[in-house]
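First the proteins, then the strands, lettered A, B, ... as listed; each starts at 1.
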Amino acid sequence: MTRLLTRRLVAIPVTLLAVSVLVFLATEVLPGDVARTVLGREASDASVADLRRSLGLDDALPVRYAHWLGRFVHGDWGTSYTLKVPVRELVLGRLGNSLLLAAFAFLLLVPIALGLGLLAGLHHDKPTDRVISVVGLALGATPEFVTGVILLVVFAVQLKWFPASAQANPGAGLLVRLDHLVLPAVSLVLLCTGYVARHVRASTVAAVESPYVRAAELRGASRSQVVRRHVLRNSTVPATSALGVQAQFLIGGLVAVELLFNYPGVGALLLQSAVDKDLPTLQAAAVVLGLLYMLIMLLVDVTYRLLDPRLRREVHA
Amino acid sequence: MADHAHPFTPSRRGFLAGAGLTGLSLLAAACSSGTPPSSGASDATSPTGAAKRGGTLRVGTPAPPTSLDPVTMYDGSAIGIVQLVADYLIWLDPDFTLVPRLAQSWSAEPGNKVWTFVIRKGVVFSDGTPLDAKAVKASFDRLLDPKNKSAALSAFDGILVAGGVSLRGTDTVVFTLERAFSDFPYLVSAGNYNAVILKSDYAGNFAKSPIGTGPFLLKTYNASTGATLVRNPKHWQTGKPYLDGVQVKFYADSQAEQLALQSGDLDALIITDPSVILATGNVVLDKVSGTAMTALTLRADKAPFDKKEVRQAIAYALDRPGVNQSIDNNIGQLGNDHLFAPLFKAAPTDIAQRAQDADKVKQLLSSAGVDKLSFTLTFDPPSKSYALVIQDQLKQVGIDVKLDQRSSSEFYGGDQAKDTPWLFTDANLVAWAGRAVPSQFLAPMVTSKGVWNGSKYANPALDAALLAYDAAASDDERKKQAEIIATTLHEDVPVIISIWNGSVRAYNKTKFTGIKAHPSTYVDFSSVSRV
Amino acid sequence: MTGLLVDGLRVSFDTRRGPVHVVDDVSLDVPRGATLGVVGESGSGKTTFGRALARHLPSNGRVLDGHISVDGTDVLALSPRDLRAWRARELAVVHQEAGATLDPSMRVGAQLAEVLGQQDVARDARRDRVRDLLSAVRLPDPDAIARRYPHELSGGQQQRVVIAAVLAARPSLVILDEPTTGLDASVEAEILALLEDLRRDLDATLVLISHDLGLVGQICDEVVVLYAGQVVERGAAADVLTTPRHPYTAALLASAPTFGVPRRQRRLLAIAGTPPDPAAPPPGCRFAPRCAFADDTCRADSPPARVVDGRTVRCHHAELLDLTATARPGADAPVPRPGSLLQLNGLTRRYGSLAVVDDVTLDIAPGEVFGLVGESGSGKTTLARAVMGIGPRPRSGTMRLSGNALAPVLRRRGRAVLRRMQMVFQQPDTTLNPSHRVRTVLARALETLDGTDSVETLAARAQLDAALLDARSTDLSGGQKQRVAIARAFAGSPDLVVCDEPVSALDVSVQAGVLEVLADERDRTGTSYLFISHDLAVIGYLADRVGVMYRGQLVEVGATDDVLSGPHHPYTAALVLAAQRRERRRSATPPAQAAIATGCRFAARCPHHLGDVCAEQPPPLRTVAEGHQVRCHLPIDQLPKGTA
Amino acid sequence: MTAVQERRAVAVATGVAAPPTARRRRPIALSVGAVLVGGWVLIAAFWPYLAPYDPQRQHPTLRFAAPSGAHWLGTDQFGRDTFSRMLAGARPVLEIAPLATGLALIAGTLIGLLAGTCGRWVDELIMRVLDAVLVFPAIIASILFVAMLGRSVTVLVLVIGLAFVPIVTRSVRAATLVERQQPYVEAALLRGEPLWSLMLREILPNISRTVLVEATSRLGDAIFAAATLSFIGLGQQPGSPDWGASVSDNRAYLQNAPWTVLSPALAIASLVIGVALVADSLRARLDAR
């Protein structure tokens with residue numbers, strides 16, 4: 001176990017360094033000019049050139065990268081070229097929003113997906129199984145900006161059960177903020193449930209047809225006892241990796257939902273800064289997202305090994 | 001299949017494709033003076049009966065792409081927020097009439113080169129320091145200093161330069177111009193949106209120290225979510241504003257705003273896209289005509305548009321009412337390919353309005369020796385709809401248009417003297433915000449040395465006529481010059497103007513009253529009150 | 001009527017090709033406390049019969065008719081609730097892979113507690129009952145075992161836990177389906193001893209289902225031989241095994257190698273052909289197509305089950321047949337040529353810190369069959385893979401092929417060396433590429449090993465029917481697949497073929513056929529074999545010389561007869577006893593992962609333990625006779641001798 | 001002779017490997033899926049003959065016309081017929097998605113095979129590179145490609161294809177690792193078969209099930225991704241009837257003209273569901289074999 005951990009932990013900073021270099025090179029090639037974006041098209045070339053110099057954009061690329069890396073490592077993430085606010089608060093604030101929405105969606109996702117997967121697995125090839133599988137497939141197949149739109153029209157505009165924008169007024173309590181997050185979270189859950197449920201269904205079917213369940217039946221245990229004691233644990237453990245994949249998507253991938261529900265998440269910031277070539281913000285967002293992405297990958301692998309006794313020890317050969 | 005760890009993090013539609021959908025171009029909302037001073041200034045029409053006090057107005061607007069800085073701001077949201085906090089010398093009413101604000105009165109010596117403004121007495125900044133001529137002079141010196149990189153520099157270009165502002169006594173400011181300019185009051189009015197009056201010691205970070213003389217105080221500002229403002233007790237317009245405060249919420253795009261309006265999350269919008277926001281349920285739209293437009297500029301200095309006939313063929317190929325219908329929800333006015341909007345007093349009315357004429361197009365093209373015309377039209381997202389309309393209409397008359405959409409930062413990026421796409425591509429669409437003074441379009445766009453002359457059109461006769469127009473003291477002299485300029489442009493067609501965009505502002509009629517539209521989406525909530 | 005009564009049982013499976021009768025009219029009765037052996041090869045229906053007794057058929061299986069009663073309870077008529085109660089109280093089933101029937105995510109103690117819960121044992125009493133059960137099945141340190149997870153126990157220990165569960169249930173009928181298959185001989189002996197105790201303590205009826213005639217003969221009172229779903233012979237175990245009345249039973253006995261009888265003395269006789277297709281059984285006697293004595297009546301109508309001097313036999317001519325003369329005369333093997341083909345010197349391979357192969361030195365002459373025997377975990381497979389250059393990274397020790405150095409890693413060996421050494425694997429199902437046809441497999445081998453023969457000659461030599469050349473490899477039977485694998489190995493006429501348990505996954509009758517192919521190839525080409533097996537009978541049958549491995553070390557090496565008859569190493573003695581199934585081991589087996597003692601590794605289990613010298617000092621290599629060495633502290637004359 | 005083998009023998013002999021009841025009901029899902037996918041493929045090929053109007057033709061007077069006899073699915077902001085645009089939109093989606101999937105499959109399978117077969121440092125290197133690619137925000141990569149190569153079908157295919165390579169590689173590698181341990185591969189190794197022969201001739205045929213499943217899953221995702229790319233404005237030049245672009249452009253008119261958004265959105269959903277149903281039943285059928 002520890003060998004796996006150290007190897008993966010060592011890989012993280014290396015990969016993040018590679019990502020930051022790639023991002024630097026990418027923005028160099030991207031068209032457009034951040035100084036022009038700040039001053040607008042009607043400002044004179046002279047003032048645009050003057051701003052470029054003050055932002056240090058005219059220095060050589062390696063110099064700028066070294067400069068950025070030196071300060072970034074010491075916690076000074078610089079100020080956003082366009083929004084002129086400290087990048088750290090901006091990115092971490094936006095990340096906080098994304099994490100809140102992702103966590104809320106994840107909390108809804110886990111019980112629903114596991115429940116449906118188990119139900120489908122236990123009624124293998126019966127109508128409930130077919131319905132759950134097909135509906136899961138269908139919802140998983142529909143882009144989130146489509147389901148989101150439909151949810152908005154029905155629940156926000158017509159029925160007015162939930163607010164249309166996911167952004168509560170500043171300073172609102174957690175409950176109010178969650179109320180604003182219901183619709184975006186539901187549209188994410190609809191998207192991700194199918195994938196997780198399918199994995200849980202597969203492991204449930206495997207558990208039901210396994211020798212140890214047959215042996216338990218042969219010892220006179222009733223179906224409900226068998227399910228409760230043996231099937232439950234053995235079918236939910238493998239779901240961790242499927243949940244892990246969805247967790248990664250929930251962090252970096254929910255930009256369309258952020259946009260649709262007007263929610264200031266980190267995904268939207270990432271693209272906005274990429275288009276504006278606002279380098280400090282883009283770098284910080286890419287590195288933070290990358291770090292989070294890899295930590296989740298590692299967390300999933302570790303929990304998977306911890307939960308499944310067979311993999312607990314580092315099995316050699 | 002659903003195991004879609006799909007790697008794409010779809011972006012914020014807002015900036016790339018979406019910004020276009022906000023109709024008004026955020027990047028182009030520069031505005032300046034309008035028609036000469038009319039009858040005495042009058043407050044906004046007082047509401048019927050005593051206005052109810054109190055209540056917080058919740059307003060939606062797209063997040064400003066840059067920081068909140070009055071000196072360099074250019075987008076509608078930043079301008080709107082600053083206008084709630086700071087004042088101008090002169091305000092511009094929706095029909096471009098000049099309304100005295102911090103300037104009590106103003107007058108020009110004969111020849112329109114020296115202008116004196118008397119500053120209103122008894123006005124204090126929100127931190128208590130009284131307003132005086134020194135603060136006004138400091139505000140304009142700040143704009144004129146190239147170090148501050150203000151967009152206002154281009155508005156004053158060739159008219160007022162650093163050092164042209166002097167004091168006389170404690171409450172009078174004198175502006176000495178480089179050349180006669182009869183419409184000068186418009187340049188120091190709200191028409192030149194950067195020209196807000198700030199304290200002399202303003203150091204640049206407006207979001208942190210938002211001191212102004214306006215009706216509201218800026219309490220909090222967050223670049224991602226929005227701003228909260230409260231009544232300014234020291235505001236000089238006694239009894240105003242009626243509201244307790246204003247809460248500004250940033251929206252990714254107009255569709256999210258429409259939903260918020262309808263579901264009651266919002267009471268009004270600062271910027272309203274006419275093709276998206278519709279009057280349904282409690283949402284109503286206040287409409288005004290304006291002088292904003294999207295110019296179809298053709299490079300007159302090289303093929304295929306070096307021949308006048310080819311340019312005219314394009315002009316005759318366009319179905320202008322169809323354009324008005326498709327991209328401005330029919331609230332615009334037809335353009336006639338010269339830069340005098342109907343709203344301008346000096347606009348000539350006797351030039352025949354061009355209309356789609358397929359035969360004339362064929363005849364013009366054959367006379368220019370061009371049998372099959374095809375060209376590439378470059379534009380950025382805000383003009384996407386108009387580009388599609390042009391492509392389809394021109395196809396009906398056999399002209400093939402290839403579309404080349406660039407991101408806004410790419411379209412306006414690059415060197416304005418050599419290669420920036422919006423000034424150097426063969427045919428392009430550039431959206432311009434409403435202007436109060438025709439010469440603000442004419443001078444930069446069609447004069448030989450114009451700083452934004454995308455068509456590279458150079459006609460000394462037109463240059464002379466414009467100088468004469470600016471300097472003209474009387475209205476008939478002004479009309480005569482306008483006639484010359486208009487007919488020349490109508491004939492040579494370096495820039496095709498199919499419609500002048502109207503302007504709307506949506507609000508919830510059951511919540512607040514006194515919310516008015518404005519050609520340049522300007523914001524004056526001082527007389528807004530609860531229903 | 002106590003005990004088990006089965007009358008006219010018929011079970012069929014619904015398949016796409018219609019119903020298939022897997023168990024066809026089986027009737028038997030077993031008094032309470034007696035043990036019935038059910039013997040049959042793959043496809044005989046024995047497992048289905050076992051599951052039918054427990055009324056636990058797969059979803060597409062149905063009991064057509066017949067009657068099963070256990071101590072008077074009509075099992076087939078029970079309501080679901082009563083069936084559950086009956087299973088909890090009266091029934092216990094032990095499957096082959098015991099580990100698989102234990103829930104991988106639950107500790108072993110908790111699972112036993114659950115069974116006790118089924119017996120309504122009070123919750124607080126369960127912990128002690130679990131400890132008693134585990135010590136009853138002679139598991140060392142019951143409390144530690146109770147906290148372990150199933151995958152942390154050895155195969156033998158897992159089987160013991162299952163038996164503990166049986167003890168807990170105190171059933172009246174115990175069904176054991178291949179309980180010891182795949183276990184080492186010594187572990188098997190201990191499990192069988194436990195089953196004996198079980199039978200006495202519970203006074204229950206035992207039904208032992210197995211393919212292994214020897215095992216059934218020893219344990220069971222009565223024996224039933226199944227062929228293609230029908231009982232072909234039934235009678236007292238001792239009689240059936242010594243004087244079989246049915247030709248199939250006789251053929252089975254003839255094809256099984258017996259301990260100490262080499263090929264020179266008696267050649268094995270494989271049963272020709274393959275078992276009939278259950279969906280379309282032949283008319284008449286189902287064994288007729290493969291029976292040496294079959295005549296028209298046999299082929300025409302199916303023989304009734306008749307009683308012939310106390311034995312039920314389903315054969316028209318049971319009385320007349322003289323089945324004793326079926327043994328084949330021996331065939332002498334060519335003498336191995338002088339010199340050294342393969343020479344290993346101090347070979348060591350490690351997984352992590354554990355030396356799986358520890359300082360092995362041995363020598364194989366050209367044309368010699370060198371047998372390598374040892375239990376699972378002795379390192380014999382790792383050694384074989386090391387010789388072929390695959391497996392864990394080489395640590396130390398050298399290898400020489402015909403005198404010149406042999407690179408320890410496959411990548412660094414030239415093509416010529418590859419051609420000279422080939423390997424045959426244990427599992428027939430995965431030894432051939434499932435998506436290739438047989439012809440492609442052999443053609444590829446010929447091409448890469450520059451073979452000179454044609455595909456057809458190669459196949460013929462491995463006694464493969466030419467028609468099979470165009471079949472997909474997945475459609476072949478286990479025996480046919482191994483024959484193709486052997487043909488593939490011989491494509492480049494190699495000098496040495498390493499065989500890793502080539503026959504242990506095959507039915508006895510098929511095993512004989514494959515051993516014959518190996519022997520013929522050796523006679524024809526003079527190829528040497530490094531023949532690995534855990535079965536002393538098979539090793540004794542083919543090998544010229546034998547090496548015995550215990551926990552990575554070569555504890556004895558010598559001519560086959562010397563090693564088997566003795567004097568030999570105490571561990572070899574234990575293996576011989578287990579192979580002859582004489583003596584059931586009572587002593588508890590040590591935990592598998594006990595630390596490697598500095599002295600003799602076998603010290604902990606050695607009955608001839610000499611005290612400290614064995615525990616502390618590593619035993620010297622003593623020469624018992626020319627070419628026969630033993631690594632043991634015992635003086636030569638005190639070394640144990642095999643009994644006749 | 002072991003219990004396992006006996007079950008296997010019975011199963012092989014009687015062809016009863018998967019419970020027959022499961023296979024009977026499976027074809028319904030397969031046929032529905034096939035109809036959906038087949039339908040759209042036909043439409044993509046023959047829409048010019050099927051579409052009642054020219055999808056690009058604008059009618060300013062007919063803006064936002066509700067669904068009617070003349071216009072079954074109404075018209076959009078330029079008065080263009082929504083039904084014709086939906087039919088025409090099938091072609092770009094079905095051009096990009098299969099090509100992108102093909103690219104991802106070929107590259108992913110080869111890299112996966114290489115990683116699984118070679119093992120040791122080759123495998124470690126490939127996996128680390130994949131991690132880096134997965135972590136690098138795909139959105140920046142797509143902007144990069146569009147910026148460098150301009151907007152075109154090839155760019156879209158390249159961007160989507162490369163984004164899926166890591167996912168395909170990961171599952172192909174997992175399947176390869178399983179086969180790599182099998183004796184038939186070791187036998188090939190011992191015969192001195194070259195690396196490419198081990199990968200393509202020995203292992204690839206036996207992981208075809210995984211490759212096929214990946215193919216159908218990625219096809220569904222590629223359609224999804226093509227739609228999303230257009231949605232964020234990186235898709236094709238404006239005016240293309242591409243479904244993703246249509247949803248993106250018309251999303252703003254959801255209240256006043258919901259048919260302009262819902263028809264392309266449901267078209268995407270129906271195609272992707274069709275692919276999903278086909279994939280699911282193929283996977284079940286392959287499991288059964």
Side-chain angles (χ1 to χ4, degrees), chain C residues 13-17 20 22 41-48 58-60 95-97 177-178 181-182 209 211 275 277-279 388-390 410 413 415 418-419 421-423 425-427 429-436 444-445 448-449 474-475 477-478 485 488-489 491-492 505-508, chain D residues 1-24 117-122 175 178-212 285-286 288-289:
Chain C
F13 279 86
D14 300 337
T15 68
R16 269 184 314 190
R17 295 159 58 204
V20 166
V22 175
E41 296 194 308
S42 305
S44 61
K46 56 184 188 301
T47 300
T48 308
S59 54
N60 59 350
H95 296 279
Q96 175 188 348
E97 294 116 352
D177 186 351
E178 305 274 7
T181 311
I209 300 171
H211 68 283
D277 173 358
M388 295 307 291
I390 47 181
L410 182 70
R413 294 182 182 177
R415 255 172 96 79
L418 292 184
R419 192 183 55 71
M421 295 171 64
Q422 281 299 308
M423 188 166 176
F425 297 88
Q426 174 179 5
Q427 278 305 336
D429 291 340
T430 53
T431 190
L432 303 178
N433 189 321
S435 41
H436 287 183
R444 279 305 306 159
T448 43
L449 296 172
T474 42
D475 299 339
S477 72
R488 174 177 66 188
L506 301 176
D507 280 335
V508 170
Chain D
M1 44 89 192
T2 60
V4 171
Q5 268 159 335
E6 173 161 347
R7 262 205 314 288
R8 167 64 67 80
V10 166
V12 167
T14 56
V16 77
T21 44
R23 210 170 305 110
R24 258 200 312 282
T117 316
C118 286
R120 298 191 322 282
W121 58 272
V122 172
V178 169
E179 293 305 316
R180 178 66 181 71
Q181 321 302 343
Q182 301 300 343
Y184 73 86
V185 175
E186 290 195 330
L189 206 63
L190 295 177
R191 290 200 300 269
E193 292 270 6
L195 177 66
W196 64 268
S197 163
L198 275 183
M199 284 165 51
L200 301 182
R201 186 177 288 136
E202 296 291 335
I203 295 180
L204 183 57
N206 298 314
I207 60 165
S208 54
R209 190 178 73 74
T210 311
V211 174
L212 184 68
R285 190 171 300 275
L286 283 170
R289 212 188 15 194

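With sequence neighbours left out, Leu418(C) forms a side chain to side chain contact (heavy atoms under 4.5 Å, CB included) with Leu410(C), Arg413(C). Residues satisfying the side chain to side chain donor-acceptor pair (under 3.5 Å) test with Glu193(D), not counting sequence neighbours, are Arg444(C), Arg191(D), Ser197(D).
What you find for Met423(C) and Leu190(D) is that their closest heavy atoms are CB-CD1, 3.7 Å.
Proximity to chain D involves both the backbone and the side chain of Ala445(C), based on heavy atoms less than 4.5 angstrom apart. The part of His436(C) that comes within reach of chain D is its side chain, from C-beta onward, which places non-hydrogen atoms under 4.5 angstrom from that chain.
Rounding to the nearest 0.5 angstrom, the gap separating the OG1 atom in Thr430(C) from the CD atom in Gln182(D) is 5.0 Å.
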